[in-house]
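Submitted below is the structure of interest, expressed as structure tokens.
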Amino acid sequence: METKVLIVGAGPSGLATSACLTRHSIPHLILEREDCYASLWKKRTYDRLGLHLAKEFCFLPHKPLPPDAPSYMPKDFFLKYIDDYVSQFNIKPLYHRTVESASLVEVGKKWRIEAKNTLEGNVEVYHAEFLVVASGENNEGYIPDIKGLSSFPGEILHSNHYKSGSRYKSKDVLVIGCGNSGMEIAYDLEDHGARTSIVIRSPFHVLTKELVHRGMSLLNYLPVYTVDTLITMLARLKYGDLTKYGIYKPPRGPFAHKNVTGRSPVIDVGTIGKIQNGEIEVVPEILNIEKNNVKFKNGTEKNFDAIVLATGYKSAANKWLKDYKYALNGDGMPKNRMPEHWRGEKGLYCAGLSRRGLFGVSMDAMAIANDINMVITSKK
């Protein structure tokens, strides 16, 4: 099948790119391996999840949020917005299409994409002048190599399968990972009566939603260093010295750290208070696991009934994108630095891999559609 543009992935990045291409009247197709769009949001998010950033940073191109949108949208409100977005732009992904390979055919200077139709069991072949990787930076759950993990007899689940702490009441649960997901899941578990411990081994900044909002707004007017100094001071006034609880800050400020490493500050939903009150126990890095017993590097050990791996995600684009070198590095992330991270060579683009959330998604989608439109127009 021939098309001008082929988009891999029907998450927010793919949907936003489709809408922008539609505004330019550029024909395109979206291939999605699941049976719905925004599958990460619809199928692999916990019940408590909401958007951590204020609404002015969380809308897609060409569709403002409704006036009644709350400042920090809960999952159901955001999904309703996505449903309306798909309807407004008449976006119709092809579902149950798992892309198995994509490579550049130099003779015709087109991309050849092979996708398995998992409903019918056959492989479909597509050709496109432009290929957009929109499969997401959260495409595949990352599971670290922990000595003895396979011997653990209790439940082990990645955070993308976690829904609610209600089924863990009165159980000992270990959360591995101290990013936003890990900290929020730890809060949810304790809130539902689980005896909760969380592994914290990396430094991170802790901010409230309001502090993040204030900082992002100030960045429009002040340099990063100035904003970081102010926000860090306000966070210290809010939380005090967290080192006594095993929580340390990186040497850079929260926004400089995000720019350099891509790692966001932890936006506190109440977890820090539970840690300070002793309701959630902070434990250090794991040494090894022997059945139910987990031994930590400080010499302590404890038995657990379940382990939640809030250990993040990784891009899986390099598994199917044979000629990824034109846009991605060996980790499946953009090889070009911002602000040109979305642009590859040979008609290859990547959307939603800037680690800037929905704000970055919107910027990428508009830039990609505008660039494709300029290339097409210049050839006429």
Side-chain angles (χ1 to χ4, degrees), residues 1-37 39 86 89-136 139-140 315-329 332-336 340-353 364-380:
M1 183 181 295
E2 294 275 347
T3 185
K4 182 65 71 175
V5 184
L6 191 137
I7 302 168
V8 180
S13 301
L15 300 177
T17 304
S18 174
C20 292
L21 290 170
T22 296
R23 295 270 293 193
H24 288 296
S25 300
I26 298 174
H28 60 278
L29 294 173
I30 305 178
L31 301 184
E32 168 57 49
R33 67 181 182 180
E34 301 286 349
D35 60 357
C36 63
Y37 54 82
S39 63
V86 169
F89 292 101
N90 195 30
I91 302 172
K92 297 180 178 179
L94 298 177
Y95 298 115
H96 301 286
R97 265 69 173 191
T98 300
V99 175
E100 297 187 330
S101 71
S103 55
L104 183 66
V105 180
E106 284 287 358
V107 176
K109 294 185 177 179
K110 288 191 175 183
W111 288 88
R112 184 180 190 275
I113 301 97
E114 294 185 4
K116 185 174 182 179
N117 184 326
T118 54
L119 279 182
E120 299 179 4
N122 60 301
V123 175
E124 301 168 345
V125 178
Y126 300 83
H127 292 91
E129 185 176 344
F130 304 95
L131 177 62
V132 180
V133 179
S135 48
N139 185 242
E140 186 176 273
S315 168
N318 288 13
K319 291 184 177 181
W320 53 264
L321 183 57
K322 306 307 178 184
D323 292 314
Y324 68 83
K325 61 184 179 182
Y326 293 120
L328 306 177
N329 60 25
M333 299 299 287
K335 70 172 187 177
N336 295 328
E340 294 294 316
H341 58 280
W342 53 269
R343 189 202 309 269
E345 306 169 64
K346 310 288 187 180
L348 181 62
Y349 299 88
C350 54
L353 296 179
D364 290 354
M366 290 188 289
I368 290 168
N370 288 340
D371 196 69
I372 291 175
N373 184 60
M374 184 179 67
V375 172
I376 293 173
T377 303
S378 67
K379 289 181 179 181
K380 291 182 180 179

Worksheet item: Listed by chain and number, what are the salt bridge (charged side-chain N to carboxylate O under 4.0 Å, His left out) partners of Lys322, not counting sequence neighbours?
Response: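 Partners of Lys322 by the salt bridge (charged side-chain N to carboxylate O under 4.0 Å, His left out) criterion come out as none, since no residue qualifies.
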If you look at every heavy atom in Ser13 and Gly352, which pair is closest and at what distance?
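Closest approach of Ser13 to Gly352, heavy atoms only: OG-CA, 3.3 Å.
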Which atom pair, heavy atoms only, marks the closest approach of Ala10 to Ile30?
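Nearest heavy atoms, Ala10 then Ile30: CB-CG2, 3.9 Å.
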Query raised in the report: Closest approach of Lys116 and Gly121, non-hydrogen atoms and distance?
Result: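 Nearest heavy atoms, Lys116 then Gly121: CE-O, 4.1 Å.
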| query | How would you list all residue pairs meeting salt bridge (charged side-chain N to carboxylate O under 4.0 Å, His left out) that involve residues 4-27, not counting sequence neighbours? | reply |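 Checked against salt bridge (charged side-chain N to carboxylate O under 4.0 Å, His left out) - neighbours excluded - the pairs reaching residues 4-27 are Lys4-Glu129.
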query: When you measure from the side chain of Asn318 to the backbone N and O of Asn329, does any donor-acceptor pair fall under 3.5 Å?
result: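 Yes, the answer is positive, given that a donor and an acceptor are paired below the 3.5 Å cut-off.
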- Query: Can you check whether Tyr37 reaches Ile91 side chain to side chain, under 4.5 Å on heavy atoms?
  - Reply: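 Not in contact.
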Worksheet item: Which of these, Asn373, Asp371, Thr377, sits in a side-chain contact (heavy atoms from CB on, under 4.5 Å) with Val375?
Response: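 The residue from Asn373, Asp371, Thr377 that satisfies side-chain contact (heavy atoms from CB on, under 4.5 Å) with Val375 turns out to be Asp371.
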State plainly whether the residues Lys92 and Glu32 are in salt-bridge range, i.e. N to O under 4.0 Å.
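The answer is no: the pair does not qualify as a salt bridge.
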Checklist entry - Below 4.5 Å, heavy atoms only, C-beta onward: do Val123 and Asn117 meet side chain to side chain? => result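 Answer no - side chains too far apart.
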Are Glu124 and Arg97 close enough for a salt bridge, meaning some N to O gap below 4.0 Å?
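Yes.
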### Task
For Ser135 and Trp320, work out which heavy atoms get closest and say how close.
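Closest pair (atom of Ser135, atom of Trp320, distance): OG-CZ2, 3.9 Å.
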Separation between OG of Ser103 and CG of Leu321, rounded to the nearest 0.5 Å: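 It is 9.0 Å, given to the nearest 0.5 Å.
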Name the one of Ile376, Leu21, Thr3, Ile7 that satisfies side-chain contact (heavy atoms from CB on, under 4.5 Å) with Phe130?
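Of all the options given, the one that passes is Ile376.
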Just wondering, more than 12 heavy atoms not from Lys325 lying within 6.0 Å of its NZ?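 At most 12 heavy atoms, drawn from other residues, nucleotides or ligands, come within 6.0 Å of this atom.
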>> One pair to check against side-chain contact (heavy atoms from CB on, under 4.5 Å): Val132 and Trp342. What are the steps and the verdict?
In response: CA-CA 9 Å; Val132 180; Trp342 53 269; over 6 Å; no
Show the nearest heavy-atom pair for residues Ile113 and Trp111, with the distance to one decimal.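 Of all heavy-atom pairs spanning Ile113 and Trp111, the closest is CD1-O, 3.5 Å.
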Report the C-alpha distance between Leu104 and Leu348 in whole Å, list the side-chain angles of each, state the deciding distance to 0.1 Å, and finish with yes or no for side-chain contact (heavy atoms from CB on, under 4.5 Å).
CA-CA 9 Å; Leu104 183 66; Leu348 181 62; over 6 Å; no
message = With heavy-atom distances below 4.5 Å as the criterion, would you say the side chains of Val8 and Leu6 are in contact?
response =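 In contact.
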Is there a donor-acceptor contact under 3.5 Å linking the side chains of Ser18 and His28?
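Side-chain D/A pair, Ser18 to His28: present.
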Can you list the steps and then say if Asp35 with His96 is a side-chain contact (heavy atoms from CB on, under 4.5 Å)? CA-CA 6 Å; Asp35 60 357; His96 301 286; 3.4 Å; yes
**Request:** Might you point out which heavy atoms bring Thr17 and Ala351 nearest each other, and give the distance in Å?
**Result:**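 For Thr17 and Ala351, the tightest heavy-atom pair comes out as OG1-CB, 3.8 Å.
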Review point. How far does OH of Tyr95 sit from OG of Ser39, to the nearest 0.5 angstrom?
Key: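 That separation rounds to 9.5 Å.
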Run Asn90 and Thr22 through side-chain contact (heavy atoms from CB on, under 4.5 Å) and show every step you take. CA-CA 9 Å; Asn90 195 30; Thr22 296; over 6 Å; no
Non-hydrogen side-chain atoms of Leu328 and Lys335 separated by less than 4.5 Å: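 The answer is no; the side chains never approach within 4.5 Å.
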Using side-chain heavy atoms (C-beta onward) and a distance below 4.5 Å, is Tyr349 in contact with Leu131?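 Counting from C-beta outward, Tyr349 and Leu131 never come under 4.5 Å.
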